[in-house]
Amino acid sequence: MPELPEVEVVRRGLLNHLPGRTLTNLSTDGKKMRLPVPVKALKSLTGSRIIDIRRRAKYLLIEMDNGAVMVVHLGMTGILGLFPEGADIDPHDHIRWILDNGYELRFNDVRRFGSIRVVEPDQAQALEQTIFKANGPEPFSETFDGSYLYKKARKKQQPVKNFIMDGRVVAGVGNIYANESLFSAGISPVRKAGAISEKRYILLVEKIREVFTTAIECGGSTISDFLDASGTKGYFQIHFNVYGRRDLPCPICRTPIRHVKLGGRASFFCPACQR
DNA sequence: ATGGCCTCCTGTATGC
DNA sequence: TGCATACAGGAGGCCA
């Protein structure tokens, strides 16, 4: 489900409620997720207080007052949501943190492609060298610019869409926003990454940032099940120009939107506007 | 080294 | 209605 904008929307929602809260109890359902759920380490955090929530790529970093960090990935269908303590439990609520204010934080994930890790205090300063060692720059950082992308793309034969969805190249660009930003930049997703000019990569960087910014303002995109921390749907999907619009007219030139598979992922583009 | 394919899992939509 | 198949916001492992 979530790409960078959705994860950022969840982060901002949680920021309104979690910092200052103490974890008073923990409950897990024993289901295996993408990584084994570190129940013991999670339990050891009860009694600790949440001080901040950050984001790196599509990961949420929940920072505790003892220096530990919970690193959460929502996978395809993960939801971090706040509920009144004792609210009805969904079969896919895998982890519940009871808070000191009558609420609980729940990690719900139908497909269980999500994950959670606990980084102990002595390792918390080294995340960039450990968990995020292979991750590319944040799309809003200064190191991510047209010249960076252009240099990184030299000799690359793969389609540019696969290239920008590679987390080692840039963090946070998933299938929806790869499609949408390539449309906005007028670049065909099937073009080889190594065959695109620096000038066009400069434009693409602008468009990725623009699309992300608007999507965050819209509360993310809800295709079927994305909800923010308070259970609210996003509405960026009404602004989709190409994603999921196979055979529908291009919003610019009315040419039917083409649909192809790239790297096993649904890809949509206007054959007239995108070259 | 590069790039493409498969897998993890469940729910839903589509087709025969 | 029933069943089989395809597909879905991710990402890491494997293989040629």
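Each chain gets a letter, A, B and so on, in the order the sequences are listed, and its residues count up from 1. For the numbers below, each heavy atom of this structure counts, side chains included, while hydrogens, waters and symmetry mates do not.
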TODO: For DNA chain B, produce a single dot-bracket line, 5' to 3'. Pairs: Watson-Crick or G-U wobble, both distances under 3.5 Å. Symbols: ( ) within strand, [ ] crossing, | other strand, . unpaired.
DONE: .|||||||.|||||||

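- Residue contacts shown for A:Ser224 include a base, since a base heavy atom lies under 4.0 Å away.
- Remark: A:Arg96 engages A:Glu104 in a salt bridge (charged side-chain N to carboxylate O under 4.0 Å, His left out) (not counting sequence neighbours).
- When heavy atoms are screened at a 4.0 angstrom cut-off, A:Lys31 is found touching no nucleic acid atom at all.
- Between the C1' atom of C:dG10 and the CD1 atom of A:Ile164 lies a distance of 15 Å, rounded to the nearest Å.
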Open item on the list: One pair to check against side chain to side chain donor-acceptor pair (under 3.5 Å): A:Ser44 and A:Lys40. What are the steps and the verdict?
Closed with: CA-CA 6 Å; A:Ser44 76; A:Lys40 202 169 161 186; over 6 Å; no

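- For the pair A:Glu3 and A:Lys58, the salt-bridge criterion is not met [side-chain N within less than 4.0 Å of a carboxylate O].
- Stacking between A:Phe113 and B:dC9 is absent: the ring centroid is not both under 5.5 Å from the six-membered base ring centre and under 30° in plane angle.
- Across all strands, A:Phe163 comes closer than 4.0 Å to no nucleic acid atom at all (heavy-atom distances).
- Atom CG of A:Asn162 is separated from atom C1' of B:dT2 by 12 Å (rounded to the nearest Å).
- B:dC9 and C:dC3 have their P atoms separated by 24 Å, with the value rounded to a whole Å.
- Within residues 145-157 of chain A, the residues approaching DNA chain B are A:Lys156, A:Gln157, by heavy-atom distance under 4.0 Å.
- Residue A:Gly264 is classed as having no contact, given no heavy-atom separation below 4.0 Å to the nucleic acid.
- Under the salt bridge (charged side-chain N to carboxylate O under 4.0 Å, His left out) criterion, A:Arg12 pairs with A:Glu8, not counting sequence neighbours.
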Distance-only check: which donor-acceptor pairs under 3.5 Å involve side-chain atoms of residues 253-262 of chain A, not counting sequence neighbours?
none

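- Aromatic rings of A:Phe132 and A:Tyr59 (six-membered ring for Trp) have centroids within the 6.0 Å cut-off, being under it.
- Here A:Arg246 pairs with nothing under the salt bridge (charged side-chain N to carboxylate O under 4.0 Å, His left out) rule; sequence neighbours left out.
- The cationic atom of A:Arg245 (NZ for Lys, CZ for Arg) does not lie both less than 6.0 Å from the six-membered ring centre of A:Tyr243 and within 45° of the ring axis.
- Partners of A:Tyr201 by side chain to side chain donor-acceptor pair (under 3.5 Å), not counting sequence neighbours: none found.
- Nearest heavy-atom pair, A:Ala215 versus A:Phe236, reported as atom, atom and distance to 0.1 Å: CA-CD1, 3.5 Å.
- To the nearest whole angstrom, the two P atoms, one in C:dC7 and one in B:dC5, are 14 Å apart.
- Not a single donor-acceptor pair, N or O on each side, falls under 3.5 Å between the base of B:dC9 and the side chain of A:Arg112.
- Note: CG (A:Leu35) to C1' (C:dG10) measures 12 Å, nearest angstrom.
- Nucleotide B:dG3 holds its C1' atom 12 Å from the CG atom of A:Leu262, rounded to whole Å.
- For A:Ser224, the side chain to side chain donor-acceptor pair (under 3.5 Å) criterion is met by no residue, not counting sequence neighbours.
- Within the structure, salt bridge (charged side-chain N to carboxylate O under 4.0 Å, His left out) contacts touching residues 42-54 of chain A (residues at least two apart or in different chains) are A:Arg49-A:Asp65, A:Arg54-A:Glu63.
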Polar pairs (N or O, both sides) under 3.5 Å between protein and nucleotides 11-14 of chain C?
{"residue": "C:dA11", "atom": "OP1", "partner": "A:His73", "partner atom": "NE2", "Å": "2.3"}
{"residue": "C:dA11", "atom": "OP2", "partner": "A:Lys58", "partner atom": "NZ", "Å": "2.8"}
{"residue": "C:dA11", "atom": "N3", "partner": "A:Arg34", "partner atom": "NH2", "Å": "3.1"}

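- When rounded to the nearest whole Å, the span between CZ of A:Arg111 and C1' of C:dA6 equals 12 Å.
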Give each protein N/O atom lying under 3.5 Å from an N/O atom of nucleotides 11-15 of chain B, with the pair distance.
{"residue": "B:dG11", "atom": "OP1", "partner": "A:His92", "partner atom": "NE2", "Å": "3.0"}

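- Applying the salt bridge (charged side-chain N to carboxylate O under 4.0 Å, His left out) rule to A:Asp145 yields no partners; only residues at least two apart in sequence or on another chain are considered.
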